[in-house]
Amino acid sequence: MDLEKLWQSTLGEMEIQLTKANFSMWLKESRPIDWREGTLYVSLPSNFAKSWIEDKYHKNILGILRNKENSVKKVEFVINSQMPAPQKAAASSKELGELGAGELDLGRADPETNLNPRYTFSTFVVGPSNELAFAAAKAITEVIGKYNPFFIYGGVGLGKTHLIQAVGNEIVSRYQKKIKPKYVPSEQFTREVVWGLRNDRIESVKKKYRDADVLIIDDIQFIGGKEKTEEEFFHTFNALYEANKQIIISSDRPPQSLPTLEERLRSRFEGGFVADIGYPEYEMRVAIIRSRLSEAGRNIDDNVVDLLARRLRKNIRELEGVLKKLLFLQETGHTEITMALAEEIIDKSTKNLSKRVGDAQILKAVAEFFNVSIEDLVSHNRRKEIVEPRQIAMYLLREISELSYPYIGEKMGRDHTTAIHSYEKINQEVNKNPALNQKILTIKDILYKS
Ligand code: ADP
Ligand code: MG
């Protein structure tokens with residue numbers, strides 16, 4: 001069978017069904033990479049593309065494929081496949097490690113534990129938004145298995161990966177080689193299981209994880225819904241759990257909001273210790289900036305520190321990014337970091353978006369994300385599936401484009417009080433609801449890329 005041809009003609013049909021922006025964002029860079037026992041493996045450029053397509057277009061694509069080639073039973077999406085060619089040699093941990101580093105900087109991660117030594121407790125700033133998670137994480141390193149499983153959740157860029165890797169690094173330094181932690185992003189776990197199943201190496205994949213004393217799985221939300229990997233994860237989880245090994249899990253949302261996860265797994269998670277990480281408060285943001293400055297042996301004006309901490313509130317990664325840019329400019333340009341320069345860099349990183357995208361694009365992105373029409377968004381339909389997208393649209397019009405409430409109201413066929421109410425409702429809820437935060441970040445991501 002000519003995979004390339006099959007996939008190209010499938011894409012041809014999808015192209016007709018999708019908008020141009022959607023098509024080029026999600027599918028254009030896809031490639032058929034393998035065909036095995038009725039399953040077509042297709043690679044995609046990013047996590048976002050993968051979860052998006054699995055959510056929205058999976059059935060559609062499968063339908064088209066089956067129409068063209070009735071031996072197609074399944075289609076599996078993988079991220080930019082770096083899977084090795086099928087081979088019978090034993091799967092070494094090195095080989096498995098090469099399956100793709102996901103978001104992790106493998107260049108710097110320890111090959112045995114997969115931990116990045118940069119993430120330690122000592123560089124983690126503690127405050128009200130993360131103190132419970134931090135205390136539990138520390139307790140685990142003292143009494144391994146104390147809170148099992150340990151489940152930590154929170155929005156993007158708030159320190160989940162840092163904290164769970166810090167547990168691993170602390171265990172390495174405290175117990176030397178006697179207790180073996182292993183870190184894996186759930187995307188990588190999935191890739192390895194798929195690879196193992198296809199190449200008859202599943203036993204060595206299982207062994208690799210069951211040999212760990214402390215298994216740390218990052219971003220578990222990406223596991224749900226993939227039967228085989230979920231099943232494999234469940235078995236590994238049980239084997240470790242029953243052997244009293246420690247399991248640490250991170251997620252962008254609480255266990256009860258992992259909709260695709262099987263009930264038995266979800267209830268296991270809920271039965272462990274669950275802690276969340278929220279948005280850092282002002283003092284913490286200042287402390288993080290100061291700690292980064294002292295690590296770098298640099299200094300900037302107090303007023304600039306205050307400005308950064310006031311303006312960059314919802315994502316520590318973004319805060320660090322802006323700080324890095326400023327320090328870079330200071331170093332290379334020998335310029336003072338003035339308030340004006342800082343304002344400019346903050347604007348560039350946060351509002352870059354507002355200059356490039358118009359309100360029509362915002363509405364379109366929201367409509368596409370939720371699979372509703374723009375007419376629905378501006379209609380008076382009160383169905384829940386429409387009300388949430390509509391409120392998010394108003395929120396984004398305000399947040400990104402800084403439009404006035406009366407203007408937003410008019411645009412949405414409503415009065416300005418509705419616009420205010422919608423903005424405030426979402427603005428409050430986004431602080432408490434990681435799933436909502438994730439949706440909004442994804443929509444922004446769509447806008448950034450368009
Ligand atoms: P997440 O996994 O929740 O998306 P990360 O753990 O990758 O977030 O954190 C993003 C960045 O912010 C990392 O560089 C991390 O070191 C830093 N960071 C997050 N929380 C803290 C904290 N409490 N103290 C110091 N740095 C932090
Ligand atoms: Mg992370």
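Counting from 1, the numbers follow the sequence of the chain as shown. Just so you know, these numbers use all the heavy atoms, side chains as well, and skip hydrogens, waters and symmetry mates. Ligands are counted one by one from 1 in listed order, and the atoms in each one are counted from 1 as well.
- Residues forming a ring-ring contact (aromatic ring centres under 6.0 Å, His included) with Y279 (at least two apart in sequence, or on another chain): none.
- Evaluation of the ring-ring contact (aromatic ring centres under 6.0 Å, His included) rule for F370 yields no partner, not counting sequence neighbours.
- Applying the side-chain contact (heavy atoms from CB on, under 4.5 Å) test between I164 and each of D218, I249, L115 identifies D218 as the sole match.
- Listed by chain and number, residues touching ligand 1 at under 4.0 Å (heavy atoms only) are R118, Y119, T123, F124, V125, N130, G155, V156, G157, L158, G159, K160, T161, H162, I288, R292, I316, R317, E320.
- Within the coordination shell of the Mg ion (ligand 2), defined by N, O or S atoms under 2.8 Å, S250 is absent.
- Residues forming a ring-ring contact (aromatic ring centres under 6.0 Å, His included) with F328 (at least two apart in sequence, or on another chain): none.
- Note that R264 lies in the cation-pi zone of F234, set by a 6.0 Å cut-off to the ring centre and a 45° limit from the axis.
- Checked against the 6.0 Å centroid criterion, the rings of F134 and F121 qualify as a close aromatic pair.
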